[in-house]
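The block underneath contains the structure these notes are about, expressed in structure tokens.
Just so we're on the same page: letters track the sequence lines, and every chain starts at 1.
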Amino acid sequence: MAANVKPVRREAQTFKERLFLPAIIKGLGITFRRIFKKKVTMQFPEERWEVRDEYRGAPVLVKDDENRPKCVACSLCEYVCPPKAIYIVPDEIEDPEHAHVERGPAVFNINMLRCIFCGLCEEACPEEAIFMSKEYALWGATRAELIHDKETLYELGGIRPDPIKKWSNK
Amino acid sequence: MGDLLTTLGSGLPLVGAEVTFWWVMGRIGLVLLLVHVLLIVGALMVWAERRVSAWMQDRLGPNRVGPEGLLQPLADLGKFMFKEDVVPKHTSKWMYMLAPAISLVPAMVTFAVIPFTGSYEPIYGADGQPTGEYITQSWQIADLNIGVLYILAIASLGVYGVTLGGWASNSKYSLLGGVRASAQMISYELSLGLAVVPVVLMVSSLRLGDIIAYQADTVWLLFTQPVAFFIFLVASYAETNRLPFDMPESETELVAGYHTEYSSMKFALFFLAEYTHMIVGAALVVTLFCGGWTFFGLEQLGWIMGVLIFAAKTTFFLFAFIWVRWTLPRFRYDQLMALGWAWFLPIALLNIVLTGGALAFDQDWVLYILPVALIAAAVIAAWFKYRRDLDNDVPKLERAPQLVGVAGSGGEER
Amino acid sequence: MPTIKINGRDLEYEPGETVIQVAHRNGIDVAHYCYHPSMSPEGNCRICMVEVEGWPKPVVSCKQLCGENMAVQTESELAQSARAGTMEMLLVNHPLDCPICDQAGECHLQEYSYELGHGESRSTTPKTHLPKNVPFGEEIVYDAERCIKCTLCVRFCNEITKTGELAMANRSDNEQVVMTSKGEFTTNYSMNIVDLCPVGALTSRDFRFKSRLWFMDFTPSLCTGCARGCNVTIGGRGGRFMRMEPRENQDVNQWWMCDPGRLGYGHVNSETRLATPAVRDANGQWQPATFEQAIVAASAALKDARESHDVLLDGGATLEELEAARALASAMGGQARFAAATGDDADEFLIVNEKGANAKGAEMLGLERQADAAPAAVLVVERDGNVPAALRDGAGAVVAFVTDATNVPDSVRVAFPYGSWAERSGLLVNVDGRVQELRAARQVGPGNLSPAFALMEELTGELDGNHVPRDRGELVAAVKNEKAFAEVAFPAGVAAGQTVGAGS
């Protein structure tokens, strides 16, 4: 398309530019000054990012201040989970102390290899039992290790005070 | 203490002694010592390269293994040892195995003639009394009277390792890397050699010890031969295949160039060879142009001081190697060739002619005018070359398109 | 006929009909909890209130008889506010524990709360606490807090089964359903009250906490527990049969089904289901095979069979399978027979003694009923009860279509996986001679099963070079051409020769 060709004439390099040396010396100066600047590297295992409260890390299950598992296995998170990372088998709660809650998870697995940290599970949860923690450094030597089971999830989640105490009056 | 060390140093049968059994043993011991020093410094250079490059990029670099990450080379060694040693099919097995060694050995052998320290010998008058003047006596493994020639001869052998490795790998990337290495070597060996000629002219000796003594007596050749120094420095970068001349590796085009197919310790040898070449190159620049192990009389404190001065100067040039690498981008291949043949070669020749002419006057004041004259001559020569290029070859001289005022692109000084 | 005006439409009614009946018949949705067409209206839930123009107060449409020139508004401001008020009152003491409630997803309280409710409670008093997790018999769990006291379950036991196990006790906030002095259900239809319950007050022990409804796939199909052929909806999830509920069909089962039929799906979820064809190798060891390999092996085995050339089918086999089996038997030079269990638990409501779901169809096709062990070359077994071990082992068959791997007799050389009734599509003839369609339920069973009739047709083709395997439509057409089926109505769709594969 000759009609669309627009010849552009650039200026030729000056002698100074052609010598390159001034530019090289300037460049060396830049890199040399950089040596003494403050470093941005974060020493990871010791130093960690202070993530903000709304950060979405690994989803975890929490217990309330009475050390009661809050999850009732309603499976809404399993339903809403876009990558289908959550697997729940609901069951009757046998523990007489919490039997009035009736229903809890027998199996609660979150496959962290599938999880996309979207936080929809936290949003869907009617019991405020699942939260996106600030934990972002997940690792495992095998795939099986990265499927967090119920125990792992409760361990990661710990206790989260519950102002509503929905079940204590039930 | 100083006396003890001096005595110890003098006791070492390094200087002008007869060839006896203990002399031979001493040499062997020294060789072993220097080989280890070279290997260790080479390994440390890997660490230094990573640290310095990190600093230049606002990072920290390896700082985990040992204090400040100094033991990183050991960790790397362990890694290299346990990596699978892949020998691809269709390679020429023998040459494939030999190439890394051929690459490393010449670099180490070159170091034999480089003086790493020395002593001051008083000059005795005819009456047997010290005249109050001293003569420097350099210490090295082999005091060759053709030291400069030896270095030029041996150092360029290193490229055989690269070329052989590239060829024996039977891979297009490796082969291209090897071919580039040899072409580059031929182009820059010329400038390198011609840059040394003015030095030899001025010192009137090929012995490295004499060159150092001359500089200790008068002034560093860096100041009297600035153009030769510059060409030698740049050419030594090219010889060591360092950026901006790392065409044989050239990751963006050739994967990893001549050592694409190498793994494990064989790769580590190539790696080490590159750094040993760097050490030798830096040591040579120090010896030929920067007074070697002398430093304005400070070296008179003892041979240990000589070692320290030599080490300090070499370290500076090693740093310069790293500094340049992390500053400049890679040359294009035609630019590389043009620089070697069309710029350095003529200027180096001009440099020789002018130096020779100046020396023909045999006057002391010549030395003061010489550096200015040489730089002026080089710039004028470059100007003529530039004008000629401008007349003949304008499109090649066009400026590259520049990014102007791109929002958010940021500058150096934010 | 007299007419009534509902939402401005003139609608005809029979004298004695209530407003809600006329409205529902004409597609006008009126919310209701305590109303059920099969039972006497009580009007205690008050959610079905509508406005009658000119009347001072809204009326409950389930008890209000239609009258000439009545003008009813179901969506007027008055009707809406009446419903909203009722909703709010019903929710005052409701625990709102939908997350743990099995009814969530099909709960009318949930639906109407969403559509008609306030969204928030003005009540400040604590909610009443009533018994939870109360067993009603072995299969039903009662939660008095969720209960809205609609009395549908009580009326069911009084009016439908007439056994009277349930009654209302106490008053006001403490009102709840209790079991009468009987203490347990004496009827086989108790679990219908779980379906009837508009909220989650009555839940099935069998299905309790098993799965949320929204994970399940529902397929309209038939129950094959007996020859009644009750219309049901099968819910499946992830290869598991989850639950079964009756589907309204006034000609067969009305709204109901029996408890044994509802719970009789154990063999569908068996751990030992045969999922792929298997062929015995030279050492007598079972090896998995593809359907193609298995058909070749089966035809070779059948050609070698000397003792018998008959085919013995489960009484639950579909008409398509029976027709294909007849062709297979005649290709071998034998005949097709069927076997089906006979019970003694028939009642006057739904359960019949004939347990072969398609025994009637088999007899109409002229198949002989077999009661005692007799030789057969091919076995088709789904239910252990229909073809018991004595019949299976006594047949000496070489090819078997089985649902469960444990039902394969030792003599068999080639075993094909046979879908359970929940995974097969086909036609069944119930005890009254009514042809109904069985549909393969989604998300039930191991999947990837080839329909048995298609396999039998392939096998017939292998044995008889002149036989071109027929598809489902051709098999149905062949059945229709039988004299016994000349007067029988077939379900629409299938009659047009539509081919539907199993497991689809």
Side-chain angles (χ1 to χ4, degrees), chain A residues 61-64 68-111 114 120-131 150 162 164-170, chain C residues 93-107 110 113-114 119-121 123-135 139-147 200-217 235 237-240 242-243 269 443:
Chain A
L61 292 175
V62 300
K63 298 183 175 183
D64 64 11
R68 190 189 70 79
K70 293 179 80 176
C71 177
V72 296
C74 74
S75 302
L76 283 177
C77 50
E78 184 180 5
Y79 183 69
V80 80
C81 183
K84 301 202 184 302
I86 303 180
Y87 174 73
I88 300 173
V89 176
D91 197 11
E92 197 108 33
I93 294 180
E94 303 293 346
D95 177 13
E97 206 179 324
H98 307 309
H100 63 283
V101 185
E102 292 189 82
R103 181 185 176 122
V107 177
F108 197 120
N109 288 345
I110 303 185
N111 188 340
R114 281 188 160 205
L120 285 180
C121 47
E122 179 183 3
E123 205 168 313
C125 186
E127 297 291 327
E128 310 219 321
I130 191 164
F131 280 91
K150 193 170 68 169
D162 170 19
I164 297 170
K165 302 199 191 310
K166 174 174 171 183
W167 292 100
S168 45
N169 300 324
K170 291 253 170 193
Chain C
N93 281 322
H94 189 84
L96 293 173
D97 54 353
C98 306
I100 64 169
C101 179
D102 276 334
Q103 191 83 2
E106 56 182 7
C107 174
Q110 223 176 19
S113 172
Y114 197 77
E120 56 189 42
S121 173
S123 167
T124 51
T125 51
K127 298 196 178 214
T128 347
H129 287 288
L130 291 172
K132 295 174 84 76
N133 208 348
V134 183
E139 293 299 341
I140 295 162
V141 182
Y142 175 62
D143 185 322
E145 286 183 359
R146 292 181 195 153
C147 182
L202 292 167
T203 50
S204 142
R205 178 79 72 191
D206 176 60
F207 183 63
R208 187 170 161 87
F209 301 162
K210 235 191 204 171
S211 171
R212 304 319 300 249
L213 294 168
W214 46 84
F215 289 119
M216 285 154 56
D217 253 336
R237 178 187 179 189
R240 306 283 291 176
M242 282 293 171
R243 73 165 195 195
N269 285 346
Q443 291 207 48

Counting distance only, does the side-chain N/O of C:R212 pair as donor-acceptor with the main-chain N or O of A:C74 below 3.5 Å?
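Judged by distance alone, yes, a pair lies under 3.5 Å.
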Using a 6.0 Å cut-off, check whether atom CD of A:E123 has over 12 heavy atoms from anything other than its own residue.
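Counting neighbours around CD of A:E123, 12 or fewer heavy atoms of other residues, nucleotides or ligands fall under 6.0 Å, so no.
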Counting only heavy atoms not in A:Y79 (residues, nucleotides, ligands), do more than 12 fall under 6.0 Å from its OH?
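Incorrect, the count does not exceed 12.
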Sub-4.5 Å side-chain heavy-atom contact between C:D143 and A:E102:
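Yes, close enough: below the 4.5 Å cut-off.
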Side chain, backbone, both or neither: which part of A:V101 has a non-hydrogen atom closer than 4.5 Å to chain C?
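The backbone, not the side chain.
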I would like to know whether C:K132 and A:H100 meet side-chain contact (heavy atoms from CB on, under 4.5 Å); could you show each step before the answer?
CA-CA 8 Å; C:K132 295 174 84 76; A:H100 63 283; over 6 Å; no
Where do C:W214 and A:L76 come nearest, in terms of heavy atoms and distance?
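Nearest pair, atom of C:W214 first, then A:L76: CZ2-CD2, 3.7 Å.
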Determine whether A:R103 and C:D97 satisfy the following criterion, side-chain contact (heavy atoms from CB on, under 4.5 Å), listing intermediate values before the conclusion.
CA-CA 10 Å; A:R103 181 185 176 122; C:D97 54 353; over 6 Å; no
When rounded to the nearest 0.5 angstrom, what is the spacing between CZ in C:R208 and CG in A:D91?
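These two atoms lie 10.0 Å from each other.
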